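First the structure, in the form of structure tokens, and then the observations on it.
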Amino acid sequence: MYYPATEIVSTVMKYNFNEIEAKWQKYWAENQTFKAENLSEKPKFYALDMFPYPSGAGLHVGHPLGYIASDIYARYKRHKGYNVLHPMGYDSFGLPAEQYAIQTGQHPAVTTEANISRYREQLDKIGFSFDWSREVRTSDPSFYKWTQWIFIQLFNAWYDHDAEKSRPIVELVAIFEKEGNQTLNAACDDDTPAFGAQAWKEMSEDDKERMLLHYRLTYLADTEVNWCPALGTVLANDEIVNGVSERGGHPVVRKKMTQWSMRISAFAERLLQGLDELDWPEPLKDIQRNWIGKSVGAQVSFKLKGHEEEISVFTTRPDTIFGVSFMTLAPEHELVKKITTEAQKAEVEAYIEATSRRSERERMADVKNITGVFTGAYVLHPFTGEEIPVWIGDYVLAGYGTGAVMAVPCGDQRDHDFAGHFGLPVPNIFEGVDTSEEAFADKEHTVIANSGFISGMGYKEASAKVIAELEKIGQGQGKINYRLRDAVFSRQRYWGEPFPVYYVNGLPKMIDAAHLPVELPEVEKYLPTETGEPPLGNATRWAWDTVNHTVVDKAKTDHKTIFPLELNTMPGWAGSSWYFNRYMDAGNTADFAAQDALNYWQDVDLYIGGSEHATGHLLYSRFWQKFLFDFGLVPVQEYARKLINQGMILGTSAFVYRLENSNVFVSKNLVGERAVQPIHADVSMVNASDELDMEAFRSWRPEFAEAEFELEDGRYIVGREVEKMSKSKYNVVSPDDICREYGADTLRMYEMFLGPLEQAKPWNTAGITGVHNFLKKLWKLYVAQDGLCVTHDKATADNLKSLHKTIKKVEEDIENFSFNTSVSTFMICVNELSAQKCHSREVLEPLVVLIAPYAPHIAEELWGLLGHESSVAYAPFPVFEEKYLVESTKEYPVSFNGKMRFTLELSLDLSREEIEKAVLADDRTQKQLEGRTPKKVIVVPGKIVNIVG
RNA sequence: GCUCGAGUGGCGGAAUUGGUAGACGCGCUGGAUUCAAAAUCCAGUUCUUUCGGGAGUGUGGGUUCGAUUCCCACCUCGAGUACCA
């Protein structure tokens with residue numbers, strides 16, 4: 001068929017992606033195509049993305065990568081007959097909006113709202129199948145009402161290590177009334193005093209409250225916190241990177257403050273054990289395991305010479321107890337002042353003073369430098385009675401174990417270094433090992449010597465024996481330690497959830513759940529007050545009226561019925577610790593989610609997000625979920641069965657080279673040995689062949705207006721380098737631009753085509769034409785210049801083979817999250833069908849469904865053109881049939897000594913012997929052999945032939 | 001330092017349990033079409049070669065008829081962690 005000139009080519013029949021995509025995005029929104037039902041006969045599937053913080057910069061092409069993957073999977077599951085929950089929302093409390101507020105006076109709610117609208121616009125353009133009726137925002141009072149509610153539940157709970165679960169605090173009170181706290185095996189602060197039932201009953205109400213704070217799962221305590229003066233707030237351990245704040249890179253110092261904490265350490269063992277049943281990436285699980293940091297060992301008490309007190313240490317090597325030659329305490333250890341002798345006092349005090357002044361960062365930067373002081377005190381070895389000198393040193397951390405170590409220089413390199421530096425003895429207790437130069441820490445090959453009753457034993461046996469003996473004399477027992485610390489939950493910030501807490505006599509009281517939410521008050525300034533209180537201290541209307549159950553003016557505070565409210569706010573991870581449950585029943589005003597909705601959706605089947613949340617969000621949320629589970633509030637104790645970490649998309653920066661002290665820019669390949677200064681040029685000014693648009697560059701910034709160029713072949717070629725995508729590197733590519741120029745379907749497929757989902761990979765817009773051309777080619781299978789060209793012709797065997805090969809591979813790929821290879825598979829399929837000139841509906845109709853998860857807009861349009869009146873989104877996924885792929889012959893690769901030399905087409909019916917015969921009879925075989933007789937012929941029917949000789 | 005992960009053409013990457021290395025795409029080269037360009041289509045594109053072939057998946061060994069794939073040692077890069085006793 002020939003078509004005359006161009007004017008009859010209607011715009012409808014061209015692949016007009018902009019028009020098509022806008023049309024279907026509108027259709028989906030108007031028809032609520034992706035609204036999920038909470039009760040359904042269909043099996044459920046919950047596909048979740050980590051919700052974004054809506055930043056002012058908007059999305060770049062790296063952000064939607066994971067969303068596209070989960071969207072493909074969600075759409076695939078709809079075709080497979082599942083009731084799919086695929087929601088999206090915003091983690092909308094956070095520092096940047098507040099920093100912006102401090103600078104500009106704009107209310108964070110205003111900027112957040114604006115940022116969210118921009119995000120929404122950008123997301124809508126990419127064609128996600130989100131159920132927007134379930135959108136959540138952590139900064140919305142209707143959401144944080146329930147964050148506050150969960151906080152109250154945590155406050156009213158304690159952790160029973162015997163039952164291995166959280167229990168209501170009233171049950172703890174009952175235990176205290178009956179037997180005090182001495183038989184209890186509960187998670188509590190280290191400094192919790194022991195008391196009996198009688199003592200409990202005699203306590204004042206306030207004292208009882210103070211006592212309970214030692215047990216509550218969220219509690220107020222004086223804690224050493226990471227204080228960041230520049231940000232004016234405390235930070236959690238996971239918010240500090242290399243001793244400086246993750247946001248902004250400001251210095252962090254240790255400071256003692258009264259703070260809310262979360263008793264996550266109580267859950268350490270369950271958080272660790274729970275990992276085994278999760279289908280999460282192994283590296284991510286390893287990060288959590290390391291962070292939890294379980295160590296099995298013993299607690300040993302050393303009697304102090306001349307004092308009542310004992311020094312307790314934790315060790316993972318009780319088998320090395322006979323190798324102890326000194327003891328080291330953290331400078332902050334509570335016994336240091338008491339045991340220091342008069343003679344050593346001045347030196348010890350000077351040392352403590354010096355170490356306390358050092359910031360966390362200095363301490364970390366300076367690991368090599370060994371420092372310490374002798375206290376003058378001695379402890380007695382529990383078995384030998386030997387006198388052991390007690391030192392202090394800052395290599396011992398106050399926050400881990402007991403803040404004291406028994407130093408075994410022959411078995412621990414740090415102790416060895418310390419001993420070497422101060423000339424302390426290094427007794428050797430290992431059989432056949434020289435420990436004079438360096439410590440021997442290999443547990444597996446340990447044979448203990450010079451160690452009394454454990455000499456000759458290995459690590460395991462000796463450790464068990466030592467623990468047993470220590471128990472006998474009452475100086476120790478087996479003990480498990482975790483590195484995981486309780487998480488500080490207070491932030492001295494404005495833009496976060498207010499605590500539902502007021503203070504009576506300095507003791508925290510929960511606001512009754514019926515009166516939630518406690519809404520964030522208005523403030524004049526977002527900075528701390530002049531007296532150093534958090535920003536909420538600026539609020540005039542911020543006191544709790546216990547009679548009318550409402551927030552009232554601060555001036556009315558009388559400490560009788562009107563009390564001060566908490567001034568801290570919750571950290572960023574509060575809302576994200578439970579939001580996945582809220583999506584199940586987002587609009588509920590009576591509950592954080594109805595039980596039947598929770599029971600129907602259960603858990604997240606697929607969670608996609610970045611691995612940078614390994615020790616933050618992904619640990620805290622598991623902890624909250626376990627707590628909610630213990631209280632019967634959610635049906636499962638792990639909320640995300642499967643998790644995938646999408647890799648980062650990197651930017652491809654462009655560089656121009658300016659000759660030093662000049663205004664001349666030299667094209668990349670002309671630089672040679674000359675001294676040039678590389679300068680980032682905005683990637684939007686560079687084309688696919690790395691040519692710079694010089695005019696655009698000149699008008700980019702005033703200082704380049706007069707730029708002169710030294711060209712190669714009349715062109716200016718830029719240098720390229722892969723870096724993190726960021727505004728400051730001018731390598732940011734916006735999905736909006738890609739959608740405008742190539743369409744969302746192209747963007748979606750290209751993001752997948754870049755490489756494996758989990759891998760980091762550079763973005764290069766140049767390559768996108770390949771995917772775009774593919775979609776144009778796909779379109780042409782269905783639509784000719786004068787309209788739909790799909791026929792009712794019977795599909796040929798080749799057509800069906802191409803189709804079914806594709807069904808099989810694409811289905812496998814989706815199940816394996818190998819989206820990049822399915823894009824290739826589609827390309828191969830369309831190439832083949834084009835070559836076959838296939839226009840048969842029998843093939844092309846299923847192909848539309850197959851590709852719909854990846855390129856939903858073009859699929860909807862083609863589906864419509866094929867005469868369907870409803871969306872393709874719920875069309876059943878094509879069923880693969882093996883029969884179309886059955887082959888009768890095989891193109892056998894014939895190898896000689898493992899190297900493939902030629903191929904030979906043979907019937908698959910042939911036996912091993914017949915194949916061998918056919919191969920040996922071939923001329924090319926004889927040519928390869930050059931007259932030699934093959935030593936061996938390996939024939940794998942259906943696979944390969946290998947001739948050795 | 002410790003714990004993971006990864007090294008394949010000019011580039012992104014593919015290769016299901018060991019069985020034709022480089023699929024698919026970008027880029028590049030040549031051609032068709034065009035007054036010309038864009039677009040589109042066709043052919044080629046790991047390196048090397050005396051055009052027979054030879055070499056080749058970070059390096060060096062090993063197992064095997066056969067190794068990108070399994071084992072050992074090493075090198076490089078990336079991530080996490082950082083005195084955790």
Side-chain angles (χ1 to χ4, degrees), chain A residues 241-243 281-291 293-295 297 313-317 320 328 363-364 366-368 370 393-397 399-408 411-415 417-418 441 481-485 611-612 614-615 647-648 652 688-690 720 722 750 753-756 758-771 773-774 776-777 780 809 812-813 816 818 820-828 831 834 891-903 927 934-940 942-949:
Chain A
V241 177
N242 294 330
E282 216 40 59
L284 183 87
K285 294 207 265 185
D286 283 341
I287 292 172
Q288 289 209 347
R289 287 190 187 108
N290 290 337
W291 192 262
K294 180 179 184 174
S295 6
V313 301
F314 174 73
T315 177
T316 54
R317 295 298 302 273
T320 63
T328 317
R363 220 165 133 161
M364 274 172 49
D366 181 41
V367 184
K368 295 269 140 20
I370 298 163
D394 73 354
Y395 80 99
V396 177
L397 303 175
Y400 182 77
T402 61
V405 300
M406 58 176 223
V408 182
D412 183 291
Q413 194 54 45
R414 292 158 302 180
D415 297 343
D417 293 343
F418 196 85
N481 240 322
Y482 300 92
R483 204 179 69 116
L484 184 67
R485 311 279 81 199
S611 59
E612 67 271 21
T615 53
M648 207 192 333
T652 310
S689 310
D690 294 342
R720 291 287 200 173
V722 172
Y750 187 55
F753 188 62
L754 284 178
E758 302 88 336
Q759 226 171 70
K761 52 219 167 247
W763 176 272
N764 185 0
T765 306
I768 203 167
T769 53
V771 170
N773 284 342
F774 155 75
K776 286 202 255 183
K777 248 164 128 177
K780 283 202 280 191
K809 177 82 170 115
E812 281 169 6
D813 283 348
N816 294 321
S818 177
N820 54 326
T821 48
S822 22
V823 177
S824 308
T825 304
F826 284 125
M827 288 174 172
I828 293 167
N831 286 347
S834 302
E891 189 80 14
Y892 276 95
V894 180
S895 303
F896 292 80
N897 300 317
K899 289 258 170 234
M900 204 282 286
R901 295 305 174 200
F902 61 87
T903 60
K927 198 173 163 202
K935 289 197 188 93
K936 202 169 178 185
V937 180
I938 284 116
V939 176
V940 184
K943 285 245 155 122
I944 198 172
V945 178
N946 189 18
I947 296 168
V948 188

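On a predicted model such as this, the values are computed, not experimentally measured, just so you know. We name chains A, B, ... by the order of the sequence lines, and we start the count at 1 in each one.
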Is [N] paired to anything, Watson-Crick or G-U wobble with both distances less than 3.5 Å, and if yes, which nucleotide?
| N | result |
| --- | --- |
| U20(B) | none |
| G44(B) | C28(B) |
| G52(B) | none |
| U64(B) | none |
| U33(B) | none |
| C2(B) | G80(B) |
| U69(B) | none |

- Verify, without hydrogens or angle tests, whether Thr316(A) (side chain) and Gly297(A) (backbone) share a donor-acceptor contact under 3.5 angstrom. no
- Query: Is there a donor-acceptor contact under 3.5 Å from the side chain of Lys761(A) to the main chain of Pro756(A)?
  - Reply: yes
Please state the [atom1] separation for the pair [N] and [M] - nearest whole angstrom.
| N | M | atom1 | value |
| --- | --- | --- | --- |
| G25(B) | G18(B) | P | 29 Å |
| A67(B) | A21(B) | C1' | 11 Å |
| G66(B) | U17(B) | C1' | 16 Å |
| U68(B) | G9(B) | C1' | 14 Å |
| C65(B) | U76(B) | C1' | 34 Å |
| A82(B) | U3(B) | C1' | 11 Å |
| U59(B) | G7(B) | P | 13 Å |

Could you tell me which non-hydrogen atom of [X] sits nearest to which non-hydrogen atom of [Y], and how far apart they are?
| X | Y | result |
| --- | --- | --- |
| Pro762(A) | Thr652(A) | CB-OG1, 4.1 Å |
| Asp415(A) | Ala407(A) | OD2-CA, 3.3 Å |
| Phe418(A) | Ile370(A) | CD1-CG2, 3.7 Å |
| Ile287(A) | Ala614(A) | CG2-CB, 3.6 Å |

- Note on the structure: Assert: residue with more 5' nearest nucleotide on RNA chain B, out of Thr315(A) and Ile287(A), is Ile287(A)
- Message: Using heavy-atom distances to pick each residue's nearest nucleotide on RNA chain B, tell me which of Met900(A) and Met406(A) is more 5'.
- Response: Met900(A)
- Message: Working note: Lys899(A) + Asn897(A), criterion side chain to side chain contact (heavy atoms under 4.5 Å, CB included); need CA distance, chi angles, decisive distance, verdict.
- Response: CA-CA 6 Å; Lys899(A) 289 258 170 234; Asn897(A) 300 317; 5.9 Å; no
Give a yes/no answer on whether the side chain of [X] brings an N or O atom under 4.0 Å of OP1 or OP2 in [N].
| X | N | result |
| --- | --- | --- |
| Asn831(A) | G25(B) | yes |
| Ser295(A) | A85(B) | yes |
| Tyr400(A) | A85(B) | yes |

Between the protein and nucleotides 50-58 of chain B, which nitrogen or oxygen pairs come in under 3.5 angstrom?
| from | atom 1 | to | atom 2 | distance (Å) |
| --- | --- | --- | --- | --- |
| G54(B) | OP2 | Arg901(A) | NH1 | 3.3 |

- Query: How should the glycosidic conformation of G52(B) be described, syn or anti, under the criterion that syn lies within 90° of 0?
  - Reply: syn
- Taking the chi torsion of G9(B), is it syn (within 90° of 0) or anti (everything else)? syn
Would you tabulate the nitrogen or oxygen pairs shorter than 3.5 Å linking the protein to nucleotides 40-48 of chain B?
| from | atom 1 | to | atom 2 | distance (Å) |
| --- | --- | --- | --- | --- |
| U40(B) | OP1 | Asn773(A) | OD1 | 2.6 |

- Task: Please work out if Thr769(A) contacts a base, only the sugar-phosphate, or nothing of the nucleic acid, heavy-atom cut-off 4.0 Å.
- Result: sugar-phosphate
Atom [atom1] in [X], atom [atom2] in [Y]: separation rounded to 0.5 Å?
| X | Y | atom1 | atom2 | result |
| --- | --- | --- | --- | --- |
| Thr821(A) | Phe826(A) | OG1 | CZ | 10.5 Å |
| Tyr892(A) | Thr903(A) | OH | OG1 | 12.5 Å |
| Met827(A) | Lys777(A) | CE | NZ | 9.0 Å |
| Asn773(A) | Ile768(A) | CG | CD1 | 11.0 Å |
| Asp412(A) | Arg317(A) | CG | CZ | 9.0 Å |
| Leu397(A) | Arg483(A) | CG | CZ | 10.5 Å |

So if I take every side-chain heavy atom of [X] and compare against [options], which nucleotide ends up nearest?
| X | options | answer |
| --- | --- | --- |
| Leu397(A) | A82(B), A85(B), U17(B) | A85(B) |
| Met827(A) | U20(B), A85(B), G25(B) | G25(B) |
| Val405(A) | G19(B), U20(B), A85(B) | A85(B) |
| Val940(A) | C26(B), G19(B), U81(B) | G19(B) |

When the distance from [atom1] of [X] to [atom2] of [N] is rounded to whole Å, what number comes out?
| X | N | atom1 | atom2 | value |
| --- | --- | --- | --- | --- |
| Ile938(A) | C65(B) | CD1 | P | 7 Å |
| Asn290(A) | G1(B) | CG | C1' | 14 Å |
| Leu284(A) | G80(B) | CG | C1' | 10 Å |
| Lys936(A) | G66(B) | NZ | P | 9 Å |
| Ile944(A) | U64(B) | CD1 | C1' | 13 Å |
| Asn946(A) | G19(B) | CG | P | 13 Å |
| Glu891(A) | U20(B) | CD | P | 13 Å |

- Classify the side-chain pair Asn946(A)/Lys936(A) by whether it contains a donor and acceptor separated by less than 3.5 Å. no
Check nucleotides 4-15 of chain B against the protein and report each pair of N or O atoms closer than 3.5 Å, with its distance, or say if there are none.
| from | atom 1 | to | atom 2 | distance (Å) |
| --- | --- | --- | --- | --- |
| G12(B) | O2' | Leu754(A) | O | 2.5 |
| G13(B) | OP1 | Gln759(A) | OE1 | 3.3 |
| A14(B) | OP1 | Asn820(A) | ND2 | 2.9 |

- How are the rings of Trp763(A) and Tyr750(A) set to each other: parallel, tilted or perpendicular (split at 30° and 60°)? perpendicular
